[in-house]
Amino acid sequence: MNFVSRELSGWGKYPKAVCNIYKPKDIEQARRSITKDKLIPRGLGRSYNDASLNDTGFVSETMLLDKFIDFDEQTGLLKCESGVSLDHILRIFVPRGWFLPVSPGTKFVTIGGAAASDVHGKNHHIEGSISRHIKSLTLILQSGEIVSCSPGQNEDLFWATLGGMGLTGLILNAEIYLKKIETAYIRQRTIKCSNIDNLLQNIENSEKDYEYSAAWIDASARGRNLGRGLLFVGNHAVRKDLPPKLAGQPLCVFHRSLGLPAALPSFFFNSLFIKGANASYNFVNKQKDSIVNYDKFFYPLDSITNWNMAYGSKGFVQYQLVIPGASGTGWIKEIFELIAASKAVCSLAVLKKMGKQEGILSFPMEGYTLALDFPQDEKLKSLIDQFNNIAIRDHGRVYLTKDAFLDEKTFKAMYDGKWDKWLDIKNKYDPEGFFSSNLSRRIGLCRY
Amino acid sequence: MSLLVLGGNSAIAKSIAEKFASDKTDIFFAGRNIAEQERIANDFRLRYGINTWSGRFDAKDYGGHEQFLSDVLKVMPSVENVIVAFGMLGEQQKAAVDFDHALQIYQVNFMGSVSILTHLSNYLKEKRKGGIIVISSIAGDRGRQSNYIYGSAKGGLSVYCQGLRNELSKYNVNLMTVKPGFVDTPMTYGLKMPKLLLSSPEKVGRIVYKSFRKKKDIVYAPSYWRYIMMIIRSIPEKFFKKLNL
């Protein structure tokens with residue numbers, strides 16, 4: 001089978017690696033891409049790091065495994081191949097009155113990738129992550145065998161594959177329950193928060209009334225303003241919520257896109273510019289209620305198709321951690337204080353509440369999760385190390401879909417009791433460890 | 001509207017079919033791998049809410065082509081439009097020295113097309129209306145050392161289509177020859193092609209459908225290939241034969 005050699009990276013454009021890439025067009029070719037060499041499947045490459053890179057062996061791009069297989073109008077159960085993207089699903093099913101049960105920050109991920117990262121969204125505290133809504137998965141194992149797994153069948157493989165970063169086998173298809181909607185709009189409320197305590201209070205207060213909730217934090221605010229920001233909460237709008245001009249066509253596909261013409265010069269990522277940008281964003285947004293379309297609410301960054309290019313060739317890093325509620329919320333202030341002390345430039349900070357979570361290697365846990373964007377810089381690692389120390393101290397962990405720095409010792413401390421249980425299952429289904437990536441080798445997710 | 005796709009595996013055929021499907025056309029997908037045709041037909045049905053069917057079609061089985069067309073008409077009320085997109089790139093170096101391989105390339109790309117087009121044109125002439133899209137190639141515009149077996153098969157096909165177009169025009173049936181340039185498909189994946197001249201199958205599909213609605217005759221996709229090939233064709237043979245194209 002032909003392959004192409006090309007430099008690949010994740011969405012952060014850091015790190016990069018030259019990889020040999022297969023692009024199977026059907027199930028037979030997908031099977032043939034599983035040889036005696038190391039292999040990692042790759043969807044749309046939206047993990048931020050090296051999760052879908054292999055500088056030894058091969059990468060198997062799954063975009064051509066993109067067929068819809070079946071849909072049950074009564075239950076909303078959709079069966080589709082792993083290369084189908086969330087964008088494809090929305091285009092076909094929003095007009096028919098269905099939505100994704102869980103939406104990550106972009107619709108340009110494949111169902112296979114979404115399952116492998118066990119993605120979560122703004123409604124995690126209510127609906128959990130995508131694994132809660134997946135009925136079954138079908139994979140090709142290293143042996144070439146095609147197996148199905150679900151909570152009732154090959155259950156260990158099911159839970160190891162969800163959040164398993166593509167390391168148990170090549171996901172061929174999935175069955176996922178979509179959720180019924182009346183309109184393509186969200187009733188959104190924007191709540192201005194003066195500091196971190198005010199923000200956390202607002203999150204708690206709005207929990208019972210709103211399904212979706214995520215807070216943007218001005219990472220450069222200091223002192224008594226530390227943690228100020230905007231809390232966006234929302235619910236699916238029903239027909240009677242819509243103003244007359246929208247009510248005529250309540251269900252339609254929304255998609256805005258502009259390409260970024262070039263990378264921004266790196267001087268844009270200095271602290272003064274970022275501080276100014278954050279402050280203006282905070283100033284410009286007022287406390288208000290509004291009706292917004294789903295694309296604007298769930299995927300605001302997708303409207304700039306290659307926004308990651310803004311960070312230039314050095315790329316950027318997104319660091320996301322979650323800390324259980326039992327450890328309190330003092331760590332949030334600590335993190336922002338560390339950022340201020342280090343003089344690192346944090347361009348984006350998002351805080352969300354999370355609920356209870358099943359799974360083995362899945363990232364979410366009950367508590368709060370904070371995601372931070374930084375332009376990549378050599379000095380960043382020591383700051384990240386300090387964050388990781390907080391995570392370990394407070395019994396939290398880091399999201400493998402985003403992390404670019406974890407080493408084996410730190411990873412295994414964070415996922416203590418989980419990584420070895422996962423490895424037992426992986427060794428059962430992939431005894432020779434063929435499914436392997438730059439990430440898995442970096443964090444030692446392939447050996448005891 | 002109805003459409004018969006011969007060579008449903010082809011990325012270009014699928015892209016054109018998507019355009020037809022968006023305009024609520026019922027589609028029959030045919031190819032050698034019946035499971036694959038069914039997979040594609042099923043996907044189109046779910047995506048576009050149209051009627052779809054699938055069946056087995058083997059370009060080299062000339063004797064079975066008439067029966068194939070009757071079988072299609074048993075499930076699809078009529079065939080109004082057809083895409084002829086099956087083909088085989090083969091390997092030039094092998095075909096140049098091994099006639100069996102060359103024969104395969106001619107049989108699939110040229111003879112198979114002539115065979116099915118004979119039956120299709122008989123059917124459409126009787127109906128006195130219809131449209132045929134034949135996917136040929138720029139490779140057929142001039143024989144060159146790096147690809148002359150496939151090139152001559154497609155070249156022969158293009159000339160055959162010209163004659164057939166001439167014949168069919170008396171019967172209100174349009175035949176459009178499509179000559180794609182370098183397209184990023186499973187057929188060409190891994191081959192060295194200049195990046196600037198590489199098109200996506202989606203782009204080719206858009207161009208082809210638009211041209212088909214306008215009842216064009218010969219379409220280069222993208223259109224700049226018409227001018228590139230004009231230049232290539234104009235190079236005198238005594239210079240061209242020394243080139244390494």
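Fair warning: this is a prediction, and the values are worked out from it, not measured in the lab. First the proteins, then the strands, lettered A, B, ... as listed; each starts at 1.
Applying the 6.0 Å contact sphere to NZ of B:Lys195 captures no more than 12 heavy atoms from other residues, nucleotides or ligands. Other residues, nucleotides and ligands contribute over 12 non-hydrogen atoms within 6.0 Å of the CD atom of B:Gln145. By the neighbour-count criterion of 12 heavy atoms within 6.0 Å, atom NZ of A:Lys25 is densely surrounded, having more than that number from other residues, nucleotides or ligands. Crowding of B:Lys192 atom NZ: a count of heavy atoms from other residues, nucleotides or ligands under 6.0 Å not exceeding 12. In this structure, B:Arg32 places its CZ atom where only 12 or fewer heavy-atom neighbours from other residues, nucleotides or ligands lie under 6.0 Å away. A 6.0 Å sphere centred on NZ of A:Lys179 holds more than 12 heavy atoms belonging to other residues, nucleotides or ligands. At most 12 non-hydrogen atoms from other residues, nucleotides or ligands lie less than 6.0 angstrom from CD of A:Gln249.
Residue contact with chain B, scored on non-hydrogen atoms closer than 4.5 Å, involves the backbone of A:Phe3 exclusively. Interface residue A:Tyr22: only backbone heavy atoms are found under 4.5 Å from chain B. With a 4.5 angstrom heavy-atom cutoff, B:Asn9 touches chain A only via side-chain atoms. With a 4.5 Å cut-off on non-hydrogen atoms, A:Arg96 touches chain B through its side chain but not through its backbone.
Minimum interatomic distance between A:Ile69 and B:Asn42 (heavy atoms only, all atoms of both residues): O-ND2, 2.6 Å. Across every non-hydrogen atom of A:Ile92 and B:Leu46, the tightest pair is CG2-O, 4.0 Å.
In this structure, CG in A:Asp66 is found 7.0 Å from NZ in B:Lys14, a value given to the nearest 0.5 Å. Put simply, OG1 on B:Thr188 and CG on A:Asn2 are 9.5 Å apart, with the number rounded to the nearest 0.5 Å. Of the inter-residue distances, the one linking A:Arg91 atom CZ with B:Arg47 atom CZ reads 10.5 Å to the nearest 0.5 angstrom. Within the model, atoms CD of B:Glu38 and NZ of A:Lys67 stand 14.0 Å from one another, a figure rounded to the nearest 0.5 Å.
Taking the side chain as every heavy atom from C-beta outward, A:Asp26 and B:Arg39 approach each other to under 4.5 Å. Residues B:Tyr189 and A:Val4 meet the side-chain proximity criterion, which asks for heavy atoms closer than 4.5 Å.
In terms of heavy-atom pairs under 4.5 Å with chain B, the best-connected choice from A:Met1, A:Glu81, A:Gln29 is A:Glu81.
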Run B:Thr185 and A:Lys23 through side-chain contact (heavy atoms from CB on, under 4.5 Å) and show every step you take. CA-CA 10 Å; B:Thr185 67; A:Lys23 200 168 172 183; over 6 Å; no
